*Asks:* 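Below is the structure I would like to discuss, written out as C-alpha cells.
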Amino acid sequence: MASKKVITVFGATGAQGGSVARAILESKKFAVRAVTRDVTRPNALELQRLGAEVVKGDLNDKASVDSALKGAYGAFLVTNFWDALNKDKEVFQGKLVADTTKHLGLKHVVYSGLENVKRLTDGKLQVPHFDSKGEVEEYFWSIGIPMTSVRVAAYFENFLTAWRPVKASDGDYYTLAVPMGDVPMDGISVADIGAAVSNIFNSPEEFLGKALGLSAEALTVQQYADVLSKVLGKKVRDAKITPEVFEKLGFPAAKEIADMCRFYQMKPDRDVKLTHRLNPKVKSFSQFISENQGAFKGM
C-alpha cells in the first residue's frame with residue numbers, strides 16, 4: 001500500500017465520491033485516501049474495510065483540505081450544491097481545493113464539474129448547481145491545474161425520487177413530468193461514474209486538460225416512460241409538460257430544473273461512446289430500472 005501513489009477522494013461517503021473510491025480501490029493501481037465529515041458512518045467503515053485510508057475532512061476548512069491533500073498524487077473532487085443550497089459556498093469549496101492542489105503540486109485532479117450555463121447563455125438561463133461548478137472548473141483551468149473535468153449526465157436515480165412517475169388523475173396510467181419536449185436527455189447511474197473516473201486516472205496522458213461529458217445513453221422522455229412501462233408493467237406516459245409550466249409548479253427548485261432542461265435541450269456535449277469505453281459495464285436505463293424495481297413498490 002505504502003508504495004502506491006495516493007488519490008484523495010472528497011465526498012467519499014456520498015453517492016458519486018463513494019462510487020469513485022470503490023472503483024479506484026478495485027483497480028488496485030492507486031491507494032485511496034477517503035475524505036468524509038464523519039468517519040464513523042457505515043459507508044466510511046466499509047471503505048476502510050476495502051482498504052482505504054479514511055480521514056475526517058471539511059471542504060470549508062483550509063487546514064483540513066491541506067491535510068487531506070498532503071502527499072497525494074491526485075484528487076477527485078465532487079461538491080454538493082444541495083447540501084447548503086448556496087452557490088457561493090460551493091464556489092468557495094472548489095476554489096479552496098484548487099488553490100491547495102496548486103500549492104502542493106498535485107499531478108492530476110479529476111473534478112466533477114458542469115457547464116457555466118449563466119455565462120454560456122448570457123444570463124438568459126440560470127442553473128445555480130451547474131453555474132457554481134462551471135465557475136470552479138474555469139478557475140481550475142485559469143490557475144493551471146493538471147485537471148480532467150467530468151460533466152455527468154442526469155442521474156437515472158432521479159427517476160426513483162424527484163422524477164418518479166405520478167398517478168394520473170384521469171385514468172389508470174402514470175405520467176413523467178420532465179420538461180424536455182422531444183429532445184433526448186442524457187442519463188447515467190451514479191454508481192457507474194466510479195469506473196469511468198478510475199480509468200481517467202489510469203490514462204493521464206489521454207485525459208489531462210480535457211472536459212469529458214459522461215452519459216450511458218440519451219432517451220426522450222417518452223422513451224424513458226416506455227422503459228418504465230415495460231419493466232414495471234404499468235402504463236407510463238410523457239406528461240408533455242413545458243419548461244414554462246414546470247417552473248410555475250412552485251416548489252423551491254422548479255425554475256432551476258426548468259432552466260436545466262432548457263439547457264439540456266441545447267444538447268450539451270455528453271459522450272456515450274467514450275463513457276462506454278471508460279466503463280464497459282455501464283448500465284442502460286432498462287438495466288437500471290430492472291435492478292431497482294423495489295423502489296416502485298406500491299405504485
Side-chain angles (χ1 to χ4, degrees), residues 9-23 43 76-83 85 90 110-115 117 127-134 149-166 176-180 183-198 212-221 223-225 227-228 231-232 236 246 251-254 256-265 267-272 274-276 278-279 281-296:
V9 178
F10 289 98
T13 51
Q16 202 181 130
S19 167
V20 169
R22 285 190 296 275
N43 290 2
F76 172 76
L77 174 64
V78 58
T79 52
N80 186 0
F81 171 84
W82 305 105
D83 224 11
L85 294 173
E90 191 172 29
V110 176
Y111 174 56
S112 183
L114 283 166
E115 291 86 352
V117 176
V127 188
H129 76 283
F130 273 56
D131 300 342
S132 48
K133 292 180 183 71
S149 182
V150 290
R151 297 168 178 170
V152 178
Y155 289 173
F156 288 159
E157 282 76 4
N158 289 334
F159 288 93
L160 311 181
T161 54
W163 294 345
R164 187 186 166 92
V166 173
L176 269 189
V178 183
M180 283 297 297
V183 180
M185 179 179 73
D186 284 283
I188 192 169
S189 167
V190 67
D192 288 332
I193 294 162
V197 169
S198 177
L212 313 172
L214 299 183
S215 167
E217 62 180 334
L219 303 176
T220 62
V221 176
Q223 287 171 322
Y224 281 113
V227 168
L228 287 159
V231 178
L232 303 176
V236 184
F246 190 93
F251 64 91
E256 179 162 354
I257 301 305
D259 271 358
M260 178 183 81
C261 288
R262 287 181 176 108
F263 178 65
Y264 279 157
Q265 288 183 19
K267 299 190 178 174
D269 182 37
R270 302 290 180 263
D271 193 331
V272 173
L274 174 66
T275 306
H276 281 255
L278 286 168
N279 180 2
K281 292 180 182 166
V282 69
K283 285 182 203 78
S284 65
F285 184 61
S286 180
Q287 284 171 292
F288 173 81
I289 293 298
S290 297
E291 287 176 17
N292 287 279
Q293 279 186 69
F296 297 94

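This is a predicted model, so every value here is computed, not measured.
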*Asks:* Is there a side-chain contact between Asp259 and Phe263 in this structure, where contact means two heavy atoms from C-beta onward sitting under 4.5 Å apart?
*Replies:*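 Asp259 vs Phe263: side chains apart.
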*Asks:* State whether the side chain of Arg164 and the backbone N or O of Ala295 hold a donor-acceptor pair below 3.5 Å, judged by distance alone.
*Replies:*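 Here the side-chain-to-backbone pair exists.
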*Asks:* Below 4.5 Å, heavy atoms only, C-beta onward: do Tyr264 and Val183 meet side chain to side chain?
*Replies:*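 They are not in side-chain contact.
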*Asks:* Return the CZ to CZ distance between Phe246 and Arg262, rounded to the nearest 0.5 Å.
*Replies:*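 So the CZ of Phe246 and the CZ of Arg262 are separated by 10.5 Å.
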*Asks:* Could you tell me which non-hydrogen atom of Ser215 sits nearest to which non-hydrogen atom of Ala218, and how far apart they are?
*Replies:*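 Closest approach of Ser215 to Ala218, heavy atoms only: OG-N, 4.4 Å.
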*Asks:* Would you tell me whether Ser284 and Glu217 have side-chain atoms, one donor and one acceptor, within less than 3.5 Å of each other?
*Replies:*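 There is no such pair between these side chains.
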*Asks:* Dump the intermediate steps for side-chain contact (heavy atoms from CB on, under 4.5 Å) on Thr275 and Val272, then the final yes or no.
*Replies:* CA-CA 5 Å; Thr275 306; Val272 173; 5.7 Å; no
*Asks:* Rounded to the nearest 0.5 Å, what separation is found between the CD atom of Glu90 and the CG atom of Asp131?
*Replies:*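 That separation rounds to 10.0 Å.
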*Asks:* Mind listing the closest non-hydrogen atom pair of Gln16 and Ser112 along with its distance?
*Replies:*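 Between these two residues, the closest heavy atoms are OE1-OG, 2.6 Å.
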*Asks:* Using a 4.5 Å cut-off on heavy atoms from C-beta on, say whether the side chain of Leu176 contacts that of Pro165.
*Replies:*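 In short, these two side chains touch, coming nearer than 4.5 Å.
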*Asks:* Judged by atom type as modelled, is there a donor-acceptor pair below 3.5 Å linking the side chain of Gln265 to the main-chain atoms of Pro179?
*Replies:*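 Looks like yes, one N/O pair under 3.5 Å.
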*Asks:* Might you point out which heavy atoms bring Thr79 and Lys133 nearest each other, and give the distance in Å?
*Replies:*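 Between these two residues, the closest heavy atoms are O-CE, 3.8 Å.
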*Asks:* Can you name the closest pair of heavy atoms from Cys261 and Val178 and give their distance?
*Replies:*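 Shortest heavy-atom contact: SG-CG1, 4.2 Å.
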*Asks:* Side-chain contact test, heavy atoms from C-beta onward, threshold under 4.5 Å: evaluate it for Val152 versus Ile193 and give yes or no.
*Replies:*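 Of all side-chain heavy-atom pairs linking Ile193 with Val152, at least one is under 4.5 Å.
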*Asks:* With sequence neighbours excluded, what pairs up with Phe288 under the ring-ring contact (aromatic ring centres under 6.0 Å, His included) test?
*Replies:*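 ring-ring contact (aromatic ring centres under 6.0 Å, His included) check on Phe288 returns Phe156.
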*Asks:* Tell me whether Glu256 contacts the main-chain N or O of Ala253 through its side chain, where contact means a donor paired with an acceptor under 3.5 Å.
*Replies:*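 Flag not set: sc Glu256 to bb Ala253 has no pair under 3.5 Å.
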*Asks:* Using side chain to side chain donor-acceptor pair (under 3.5 Å) as the criterion, list what pairs up with Thr13, not counting sequence neighbours.
*Replies:*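 Scan of Thr13 (side chain to side chain donor-acceptor pair (under 3.5 Å), adjacent residues dropped) gives Thr36, Arg41.
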*Asks:* Are the side chain of Ser286 and the backbone of Val227 linked by a donor-acceptor contact shorter than 3.5 Å?
*Replies:*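 No; judged by distance alone, with no hydrogens or angles, the pair does not exist.
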*Asks:* Between Leu114 and Val127, is a side-chain contact (heavy atoms from CB on, under 4.5 Å) present by the stated rule, with each step listed?
*Replies:* CA-CA 10 Å; Leu114 283 166; Val127 188; over 6 Å; no
*Asks:* Sort out for me which residue in Val110, Val78, Val197, Val150 forms a side-chain contact (heavy atoms from CB on, under 4.5 Å) with Val20.
*Replies:*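 Option passing the side-chain contact (heavy atoms from CB on, under 4.5 Å) with Val20: Val197.
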*Asks:* Would you say that Phe296 contacts Val231 through its side chain, given a criterion of any heavy-atom pair below 4.5 Å between the two side chains?
*Replies:*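 A side-chain contact is absent here, since even the closest heavy-atom pair is not under 4.5 Å.
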*Asks:* For Ala195, enumerate each residue passing the side chain to side chain contact (heavy atoms under 4.5 Å, CB included) test, keeping only those at least two apart in sequence or located in another chain.
*Replies:*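 For Ala195 the side chain to side chain contact (heavy atoms under 4.5 Å, CB included) partners, ignoring immediate neighbours, are Asn279.
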*Asks:* Do the side chains of Leu219 and Pro184 get nearer than 4.5 Å, heavy atoms only?
*Replies:*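 They are not in side-chain contact.
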*Asks:* Is Tyr224 reaching over with its side chain to a backbone N or O of Met185, donor-acceptor style, under 3.5 angstrom?
*Replies:*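 Yes, the answer is positive, given that a donor and an acceptor are paired below the 3.5 Å cut-off.
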*Asks:* Supply the atom-to-atom distance Arg151 CZ to Asp271 CG, rounded to the nearest 0.5 angstrom.
*Replies:*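 Separation between the atoms: 12.5 Å.
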*Asks:* So, for Ser19 and Asp192, which heavy atoms are closest and what is the spacing to 0.1 Å?
*Replies:*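 In terms of heavy atoms, the two residues are closest at OG-N, 4.4 Å.
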*Asks:* How long is the span from the CG atom in Leu274 to the CG atom in Leu214, to the nearest 0.5 Å?
*Replies:*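 If we round to the nearest 0.5 Å, Leu274:CG and Leu214:CG are 7.0 Å apart.
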*Asks:* Salt-bridged, Arg270 to Glu115, with N to O below 4.0 Å?
*Replies:*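 Judged by the 4.0 Å cut-off on N to carboxylate O distance, Arg270 and Glu115 do form a salt bridge.
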